[in-house]
Amino acid sequence: MQLTVLAIFFISLIGAFFYPRHPKRTTTVISVLLLGILIYFGTFLPSVIRGEHIIQDYRWIDSLQIRLTFLLDGLSLFFVLLILVFGLLVLIYSHKYMEGIAQNGRFMCYLLLFMGSMMGVVLSVNLISLF
C-alpha cells in the first residue's frame, strides 16, 4: 500500500516533465498506471468484504519505536477506490478539455499529488504516517 502511494507521487513527476512534449502518450501511460493501481486495490475487495483488515507495518526509526503503519479496511478501501476512479476520470477529461493550454502538465502533476496525498491520509493509521 505504501508503494502505491509513492508510485502516484512518482507518476506525478512523469506528468509534469513529459506532458508538454507528448501529451497523448503521457496521458495514456498515466491512465494505465492508475488503472493498474485501481485493479491492485480491487484485489483486496473480497477479503475486506469478509471483514478482514489488511495492515502493513514498516519499522522506520527503531530507536524511537516509530513505525509507518497503513490500514486497509472497508471504509478506507471505499475511499481509495473513490479517489482512484474519480481521479482517473478527471485526468482523462482534463486531457481533452485543457488541450492547448501550456500549464496542463502542471495541472496533471498537482492532480496526481493531490490523489497521492488523499490516499496517504485515508490509509494512514497514526499521525506520523499521516504527515
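These figures come from a predicted structure and were not determined experimentally.
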Original post:
Can you tell me if OH on Y58 sees more than 12 non-hydrogen neighbours from other groups inside 6.0 Å?
Top reply: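 Yes, because the 6.0 Å sphere around OH of Y58 holds more than 12 heavy atoms from other groups.
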**OP:** Taking atom CZ of F114 as the centre, report whether more than 12 heavy atoms of other residues, nucleotides or ligands fall under 6.0 Å from it.
**Re:**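 Counting other residues, nucleotides and ligands, CZ of F114 stays at 12 neighbours or fewer.
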[atom1]-[atom2] distance between [X] and [Y], expressed to the nearest 0.5 angstrom:
X    : Y   : atom1 : atom2 : result
I37  : I11 : CD1   : CD1   : 4.5 Å
M118 : F79 : CE    : CZ    : 8.5 Å
I54  : F70 : CD1   : CZ    : 14.5 Å
S47  : L77 : OG    : CG    : 8.0 Å
L112 : L34 : CG    : CG    : 6.0 Å

Heavy-atom pair of closest approach, residues [X] and [Y]:
X   : Y    : value
I30 : M108 : CD1-SD, 3.5 Å
M98 : N104 : O-ND2, 3.5 Å
Q56 : Q2   : OE1-N, 3.6 Å
A16 : C109 : CB-CB, 3.7 Å

Subject >> Residue pairs involving residues 26-44 (criterion side-chain hydrogen bond (donor to acceptor under 3.5 Å, both in side chains); sequence neighbours excluded) >> reply: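 Pairs touching residues 26-44 that pass the test: T27-H95.
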**OP:** Only pairs at least two apart or in different chains count here, so list each side-chain hydrogen bond (donor to acceptor under 3.5 Å, both in side chains) that has a residue in residues 72-91.
**Re:**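 Qualifying pairs: D73-S76.
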Original post:
Can you check whether L91 reaches M115 side chain to side chain, under 4.5 Å on heavy atoms?
Top reply: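 No, too far: nothing below the 4.5 Å cut-off.
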Subject >> Side chain proximity check, L113 to F9, heavy atoms < 4.5 angstrom >> reply: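 With C-beta onward as the side chain, the pair touches.
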Original post:
With hydrophobic residues grouped by side-chain heavy-atom distances under 4.5 Å, do V32 and F17 end up in a single group?
Top reply: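 Looking at the clustering, F17 is in a separate group from V32.
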**OP:** For R21, check salt bridge (Lys or Arg N to Asp or Glu O under 4.0 Å) against everything at least two apart and list the hits.
**Re:**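 With neighbours one apart ignored, the set is empty.
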**OP:** Pick out which of V5, L71, T69 makes a side chain to side chain contact (heavy atoms under 4.5 Å, CB included) with L123.
**Re:**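 Only one of V5, L71, T69 forms a side chain to side chain contact (heavy atoms under 4.5 Å, CB included) with L123, namely V5.
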Subject >> Test applied, side chain to side chain contact (heavy atoms under 4.5 Å, CB included); reference residue, I8; option that passes from L3, L84, I83 >> reply: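 In the set L3, L84, I83, the residue that makes a side chain to side chain contact (heavy atoms under 4.5 Å, CB included) with I8 is L84.
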